[in-house]
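Hydrogens, waters and symmetry mates are skipped; everything else that's a heavy atom, side chains included, is used. Along the sequence shown, the residues carry numbers beginning at 1.
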Amino acid sequence: MLSLTYSLPVFARRLEFTGICRSRNSVVVCGLKGPRPRYPRVWKSNKKIGTISKSLKLVECIKGLSNVKEEVYGALDSFIAWELEFPLITVKKALKTLENQKDYKRIIQVAKWMLSKGQGRTMGTYFTLLNALAADGRLEEADELWTKLFTQYLDSMPRIFFDKMISIYYEKGLHDKMFEIFADMEELGIKPNMSIVIKVGDVFQKLGMMDKYTKLKKKYPPPRWEIRYIKGKRVRIQANKQGNLDGDVKMLSEEKETIHGSNEVLNADSNPDEQTVEAEEVNQILCNSLDEADTSSDELRVDQGLH
């Protein structure tokens, strides 16, 4: 009888290879192709810096510089020198930080630098630049930017740009340009909001154009419903009821002022025990008034749900 013994060199090698792969963390076994080593990429750093901290560093980088264009642009170029792609999110957050700080000159410089790089050409960037130019008193540059945007994006211009330009011309007293923008809105079929209607109507009254004022009021009457945000919820309220609620709030504030004044007088003339009793009574009155205001708002919501 012959006895045959089979050796398993292939399986032994595979077992040895799996042991090696378990010991090494840098080797990954791919399906049907064996191990493939993964090396760290050269152009990616291990330290990851968030866009918020980078935007704050960008603001600090240009904060102490002068208003010379070459100096500011050079600092911005050196800040992004080692970036593979333009850090658009970082620059947008830096613009938002400068806008909160009301540093309009830096906003103009950073926005123009970004646009010169061919980046960030959005309506939000243009509106930020337009707002900064108007706040800094550069009316001619704001007018040039508006005409450029209006000719380039004639059919897709947002209404907020019309509102902004009308408010700028209304504050500066340039009534002819304000009427031109309002006429462009009517030609394009853009419905103006109530702030634009009120400003144009005010100018009509100042100039004595009462016939045009009456036509404007007939064409754009005040809305019956208004949208308000109460405790984080979007609620539709009638305009007259909203006025009544505003009047109730004013009355409550006046009552609070009178109560505080009476408390001061009583504190000057009465005993400490009497002061505590009277303070408790005043607090009870305030709580009752606030409860009445809450119930009135709840009734308004119920009426809206029924309608």
Side-chain angles (χ1 to χ4, degrees), residues 92 95-96 98-99 102 104-105 107-112 114-116 118-229 234-243 246:
K92 286 292 186 72
L95 284 173
K96 191 66 178 177
L98 292 171
E99 190 175 0
K102 296 183 179 180
Y104 298 111
K105 291 183 179 180
I107 292 172
I108 295 168
Q109 292 170 352
V110 175
K112 286 185 175 180
M114 181 174 62
L115 293 173
S116 66
Q119 302 291 332
R121 293 184 177 179
T122 59
M123 287 297 174
T125 305
Y126 288 130
F127 184 76
T128 303
L129 181 58
L130 184 65
N131 191 13
L133 289 171
D136 199 28
R138 303 183 187 181
L139 188 59
E140 295 180 357
E141 295 184 13
D143 196 3
E144 291 178 0
L145 180 62
W146 161 251
T147 52
K148 179 182 177 181
L149 293 175
F150 185 68
T151 53
Q152 189 174 0
Y153 306 101
L154 182 63
D155 297 332
S156 61
M157 182 63 66
R159 189 174 63 179
I160 189 172
F161 282 85
F162 294 96
D163 192 2
K164 185 63 182 177
M165 292 305 299
I166 286 176
S167 63
I168 290 171
Y169 292 145
Y170 178 76
E171 292 175 359
K172 300 296 181 181
L174 301 174
H175 303 316
D176 295 335
K177 293 185 177 181
M178 187 173 69
F179 292 153
E180 289 178 2
I181 295 176
F182 188 73
D184 292 335
M185 289 183 68
E186 289 188 339
E187 288 180 2
L188 294 173
I190 301 173
K191 185 178 179 181
N193 52 11
M194 286 309 298
S195 64
I196 296 175
V197 174
I198 289 170
K199 290 172 185 175
V200 175
D202 190 12
V203 174
F204 282 154
Q205 285 182 342
K206 288 180 180 178
L207 298 178
M209 302 178 181
M210 299 306 297
D211 53 346
K212 293 184 178 180
Y213 177 73
T214 53
K215 289 180 181 179
L216 182 68
K217 288 295 183 183
K218 287 181 181 179
K219 189 174 182 180
Y220 303 106
R224 294 179 58 188
W225 300 93
E226 293 182 359
I227 303 298
R228 291 290 182 269
Y229 290 90
R234 191 170 181 265
V235 181
R236 192 179 70 165
I237 301 176
Q238 289 186 4
N240 54 0
K241 290 186 178 181
Q242 179 65 25
D246 294 337

Of all heavy-atom pairs between [X] and [Y], which one has the smallest distance, and what is that distance?
| X | Y | value |
| --- | --- | --- |
| L145 | Y126 | CD2-O, 4.0 Å |
| K199 | M178 | O-CE, 4.4 Å |
| F161 | M123 | CZ-O, 3.4 Å |
| L216 | G201 | CD2-N, 3.6 Å |
| A132 | I107 | CB-CG2, 3.8 Å |

State the [atom1]-[atom2] distance between [X] and [Y], to the nearest 0.5 angstrom.
| X | Y | atom1 | atom2 | result |
| --- | --- | --- | --- | --- |
| I190 | I181 | CD1 | CD1 | 11.5 Å |
| Y213 | D202 | OH | CG | 8.5 Å |
| L129 | L115 | CG | CG | 6.5 Å |
| K177 | D143 | NZ | CG | 4.0 Å |
| L154 | L149 | CG | CG | 12.0 Å |
| E140 | L133 | CD | CG | 11.5 Å |

Is it the case that the side chain of D211 and the backbone of T214 share a donor-acceptor pair, with hydrogens and angles ignored and the cut-off at 3.5 Å?
no
Give a yes or no on whether the backbone of R121 and the side-chain of T125 come within a donor-acceptor separation of less than 3.5 Å.
no
Stepwise side-chain contact (heavy atoms from CB on, under 4.5 Å) check, T122 with K92:
CA-CA 11 Å; T122 59; K92 286 292 186 72; 3.6 Å; yes
Is the F204 ring parallel, tilted or perpendicular to the F179 ring (thresholds 30°, 60°)?
parallel
Using the ring of each side chain (for Trp, its six-membered ring), is F162 parallel, tilted or perpendicular to F150, with breaks at 30° and 60°?
perpendicular
Start with the C-alpha gap between K212 and L207, add the side-chain angles, then the distance that decides, and say whether side-chain contact (heavy atoms from CB on, under 4.5 Å) holds.
CA-CA 11 Å; K212 293 184 178 180; L207 298 178; over 6 Å; no
Is the number of heavy atoms from other residues, nucleotides or ligands within 6.0 Å of NZ (K217) greater than 12?
yes
Dump the intermediate steps for side-chain contact (heavy atoms from CB on, under 4.5 Å) on I196 and M185, then the final yes or no.
CA-CA 11 Å; I196 296 175; M185 289 183 68; 3.9 Å; yes
Could you check whether any side-chain heavy atom of R138 comes within less than 4.5 Å of a side-chain heavy atom of Y104, counting everything from C-beta outward?
no
Side-chain contact, heavy-atom cut-off 4.5 Å: W225 with Q238?
yes
Check against side-chain contact (heavy atoms from CB on, under 4.5 Å), E99 and N131
CA-CA 10 Å; E99 190 175 0; N131 191 13; 4.2 Å; yes
